[in-house]
Amino acid sequence: MPELPEVETVVRGLRGPLVGRTFTGVTVLWPNSIKTPIPELQERLPGQRIEAITRRAKYLQFHLSGGDSLFLHLKMSGDLLVEPESEPRHPHVRTVFGLDNAHELRFKDTRKFGRVYLVADPAQVIGKLGPEPLADEFSVEDFKRLFERKKGRLKPLLLNQEFIAGVGNIYADESCFLAKIDPRRAVDTLSAEELEHLYEAIRQVLTAGINHKGASFDSVYRGGEFQDHFQVYGRADEPCLTCGTPIIRVVTGGRSTHFCPNCQQ
DNA sequence: CTAAAATCCTGGTGGC
DNA sequence: TGCCACCAGGATTTTA
């Protein structure tokens, strides 16, 4: 499911039901989801109150009263539900966090790629991430500086979370379209003007995604409607909405990549 | 260094 | 229907 706008939407939806609640226990149904030793998680989490929930890149961070942070990464198919403990659990629920109000935070994750971390030092999980593209203080000059001495093609670089945080496959393709840049371009050939366009495009596309409450796919995620506004992602062989040329799909860095061969150079 | 491929997983879809 | 190949929002690790 989730890139930056989808995770941001999930975080905003969880604050109301969860901030102020205290964890009472953890039930692990798929041990590979848990990156912290499970006995340690089950020892340290109960009794800690949720003081805040924030997002960093595609991670959710629960700031806890005992000084720890609980991090969740939804990867491809994760979702988080707050449901009464009396309600039957969906079969794809992999981890259950008990709460002090007879509800549970349920980590549902069909493909089992999602991960849970409990750490005292957040840097252990989010220490190497690149800048947040929507941060107020992240300037176009900062963005241009990221490209200094960089090599390789644009698309894989945009997906590299140590380069810039939170951009995933959909928003990378949509950003390149808006900036009119071929995602296969070698980054050391991008002009200052092109980088300025790309900076604006990334911020615009991510903001639009958040404003539409993310993109919904299948049954994994609900509520968002940004999928109705895709210009190129998932539109292979369909006409470009700007010029009518069929959208091309190629594979770059092992990921499907969509672009207009006429508009994007 | 870049880069591709394999890995972790399940389920939906389309072709035959 | 059944079977099979292929595809999927991520990110790390292995192999060139």
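These values consider heavy atoms only, across backbone and side chains, with no hydrogens, waters or symmetry-generated copies. Convention: sequence-line order gives letters A, B, ...; per-chain numbering from 1. Every value quoted in this text rests on a predicted model; they were computed, and no experiment measured them.
The OH atom of A/Tyr233 sits 12 Å away from the P atom of C/dC7 (whole-angstrom rounding). With rounding to whole Å, A/Leu72 atom CG is found 14 Å from C/dA11 atom P. We find that NZ of A/Lys75 is positioned 5 Å from C1' of C/dA11, with the value rounded to whole Å. What separates NZ of A/Lys35 from P of C/dT12 is a distance of 9 Å, to the nearest Å. In this structure, A/Asn169 atom CG and C/dC7 atom P are separated by 13 Å, rounded to whole Å. Counting to the nearest Å, the P atom of C/dG10 and the CZ atom of A/Phe113 are 12 Å from each other. As a whole-Å value, the separation of A/Arg184 CZ from B/dA4 P is 12 Å. Rounded to whole angstrom, the span from the CG atom of A/Asp109 across to the P atom of C/dA8 amounts to 18 Å.
OP1 or OP2 of B/dC9 sits under 4.0 Å from a side-chain N or O of A/Asn32. Here A/Arg111 does not reach the OP1 or OP2 of B/dG11: none of its side-chain N or O atoms lies under 4.0 Å away. Distances shown here put a side-chain N or O of A/His92 below 4.0 Å from the OP1 or OP2 atom of B/dG11. Between A/Lys58 and the phosphate of C/dG10, there is a side-chain N or O to OP1/OP2 separation shorter than 4.0 Å. Applying the 4.0 Å criterion to OP1 and OP2 of C/dC6, one finds that A/Arg249 has every side-chain N and O outside that range. In this model, the phosphate group of C/dG10 is not approached by any side-chain N or O of A/His73 to a distance below 4.0 Å at OP1 or OP2. Contact annotation: A/Lys151 side-chain N/O to B/dC1 OP1/OP2 distance is not under 4.0 Å. In terms of phosphate contacts, A/Thr110 brings no side-chain nitrogen or oxygen within less than 4.0 Å of OP1 or OP2 of B/dC9.
No contact: A/Tyr171 has no heavy atom under 4.0 Å from any strand. Nucleic acid contact class of A/Gly254 (heavy atoms, under 4.0 Å, all strands): none. Among the atoms of the strands shown, only primed sugar atoms or phosphate atoms (P, OP1, OP2) are found under 4.0 Å from some heavy atom of A/Gly253.
For the side chain to side chain donor-acceptor pair (under 3.5 Å) test with A/Ser69, the passing option among A/Gln61, A/Gln124, A/Arg56, A/His63 is A/Gln61; the others fail. Partner A/Val11 forms a side chain to side chain contact (heavy atoms under 4.5 Å, CB included) with one of A/Leu18, A/Leu80, A/Ile53 and no other, that one being A/Ile53. For the side chain to side chain donor-acceptor pair (under 3.5 Å) with A/Arg106, the lone residue among A/Glu83, A/His92, A/Glu87, A/His90 that qualifies is A/Glu83.
Using bins of under 30°, 30° to 60° and over 60° for the plane-to-plane angle, the ring pair A/Tyr199/A/Phe138 lands in the tilted bin. Ring geometry for A/Phe143 versus A/Phe147: interplanar angle over 60°, hence perpendicular rather than tilted (30 to 60°).
When Watson-Crick and G-U wobble pairs are counted only if both distances are under 3.5 Å, B/dC9 pairs with no nucleotide at all.
Of the P atoms belonging to B/dC9 and C/dC4, the separation is 23 Å, rounded to the nearest Å.
Set against B/dT2, B/dA3, C/dG10, the side chain of A/Arg153 has B/dA3 as its closest nucleotide.
Under a hydrophobic clustering in which Ile, Leu, Val, Met, Phe, Trp and Tyr are joined whenever their side-chain heavy atoms come within less than 4.5 Å, directly or via other members, A/Val7 and A/Phe71 fall into different clusters.
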